[in-house]
S.K.: 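Take this structure first; my questions come after.
One-based numbering, in listed order, for ligands and for the atoms of each. Small disclaimer: the values here were computed from a predicted structure and weren't measured.
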Amino acid sequence: MSASESCSVSSVVYTIQANTPYETSIHVIDGRRAGPTAVVVGGIHGDEAAGYEVGARMLDWGLERGRLVVIPEADADAIRRGTRHGAVGHLNRQFPTGSEPGSGLARDIWEVVEMHDPGIVIDMHSSRGIWGAETAFDGYGQAIFSAPSTAALEPAEQTVAALNRGVRDAYPESYEFTVGATIDGSEPMLAHKVVGELDRPGYIVEVTEDDTDLPTRIGWMESAVSGLLGEYGLQTDGAGQR
Ligand SMILES: [Zn+2]
């Protein structure tokens, strides 16, 4: 294959919760070369568009190395309604470490994670506030929340540093990304269960909605996700550098 050809990838799509309001697609994308597996989740909260928009865009990313398992719309019912929660309730409180997921949808999502045996899991969110900053709303934006091990924190630090090279000139200092509180299995969230039960690096990426437009949030999210994936050896075609 010549260098001028784009990465040839194969992808498989299947559905969970078929024929229910929660029916949603799981995309398994194989890069040109074998490598680590990542599970990336968007739309756990239906009113956080950056997450599910980036999930959709990732289906068009080129992948040179590794396997991407993308769930763009984890709570499709909430996304359709345009609300944080759908009829299933608060999906990101249905993943307790050490016990069964709290709904059929949560169980199916967890089965996807377990089945693919990922080396990294990323959950994409947005927030009205900024983590650690005095803003009108409390919140979690502009942060990557990481598993507590040094091996997990180091990639988060590297990704934050790269993100901030783009943020620094365009936004006030409070908009710089930071590494947030650690994820340790103590909360019934998807990323916590990844860390607490599977002992794998789980991350939550949060971008702020405070005086930002959706394209900006999407750009930050793409950079954060492609940066973390790169740290784990999944080579994308640089969608995050657009
Ligand atoms: Zn969220």
S.K.: Do Arg32 and Glu64 sit within salt-bridge range, that is, some charged N less than 4.0 Å from a carboxylate O?
M.R.: yes
S.K.: Inspect the contact between Arg57 and Asp60 and indicate whether a charged nitrogen and a carboxylate oxygen are less than 4.0 angstrom apart.
M.R.: no
S.K.: Can you give me the closest heavy-atom contact between Glu73 and Ile79, atom names plus distance?
M.R.: CB-CD1, 3.5 Å
S.K.: Mind listing the protein N/O/S atoms less than 2.8 Å away from the Zn ion (ligand 1)? Waters don't count.
M.R.: His45 ND1, Glu48 OE1, Glu48 OE2, His125 ND1
S.K.: Aromatic ring centroids of Phe177 and Trp131 under 6.0 Å?
M.R.: no
S.K.: Tell me yes or no: between the side chains of Gln94 and Arg107, is some donor less than 3.5 Å from an acceptor?
M.R.: no
S.K.: Between Glu187 and Arg93, is the closest basic N to carboxylate O distance under 4.0 Å?
M.R.: no
